[in-house]
Amino acid sequence: MNEKNDLKRPKSKAKTRTQSEESSQGKRPRGQQGLSPALQDHIGRQLRAMFDDVAQEPVPPRFLQLLKDLEQSGDK
Amino acid sequence: MPPKVSANFRDSLIKEMASLRAFAISLCGDRERADDLVQETLFKAWSHFDSFQEGTNLKAWLFTILRNTYFSERRKRKREVEDADGKYADRLVAPPEQHGHMDMQDFLKALSSLPDDQREALVLIGAAGFSYEEAAEISGCAVGTIKSRVNRARNRLGDMLNLVTEFENVDA
């Protein structure tokens, strides 16, 4: 894909500016990363909420059981 | 026979289980498969205890094992894994009483439609709290690549979420 071009992006400021100018002709204001700050915040909050919700769930007992089993067979 | 590991190592594995699981679920969108992935990761980590250097970043090491396991498995069964639109989100959904907003549904659907590498980068940086350097090491690519993946992921999500909002306004 065009990842190689993307790597050069920080150096070619002019190009980045042109791109954001193009997109700012769209209907919403775009911030530094191409998104309005409000939308960026929203995405950040949703991401963390999704992740933290899961991370706060108790882990399945089989995880701990696995470690117990491994520990026991290592002791033998 | 599995090696004898230090109590310290075992305790650290236990400590990281929950966030490993959150990462697995965000990556593959399937709770059952995610739990299998974590199980496999724990097993591999334990078996390769020798190759972990005490004092280095265990969390990053575990995340690396998990994502490598996920991607190599995914390559193996590519056809099976081809996911129909929205299926990911349907399976990922948390119990509705936890966050019964359409908001989160839309978000998950949008997240699921991102290319794998972009979703991975976004979750590592935006949710799991890794630095760009750590995320690059975990994903085995350059820091600049991670940055551009995160940017593209954000832009894409932004476009999709905006669209959803616009549609909702039309319907209402």
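For B/F63 and B/F130, the ring centers sit closer than 6.0 Å to each other.
Within the 4.5 angstrom heavy-atom criterion, atoms from both the backbone and the side chain of B/L122 approach chain A. Using a 4.5 Å cut-off between heavy atoms, B/A128 touches chain A through backbone and side chain atoms alike.
With sequence neighbours left out, the salt bridge (charged side-chain N to carboxylate O under 4.0 Å, His left out) criterion links A/R48 to no other residue. Qualifying salt bridge (charged side-chain N to carboxylate O under 4.0 Å, His left out) partners for A/D52, counting only residues two or more places apart in sequence or in other chains: none.
The aromatic rings of B/W46 and B/F9 sit perpendicular, their planes meeting at an angle over 60°, well past the 30° parallel limit.
Of the listed residues (B/Q39, B/K4, B/M17), the one with the most heavy-atom contacts under 4.5 Å to chain A is B/Q39.
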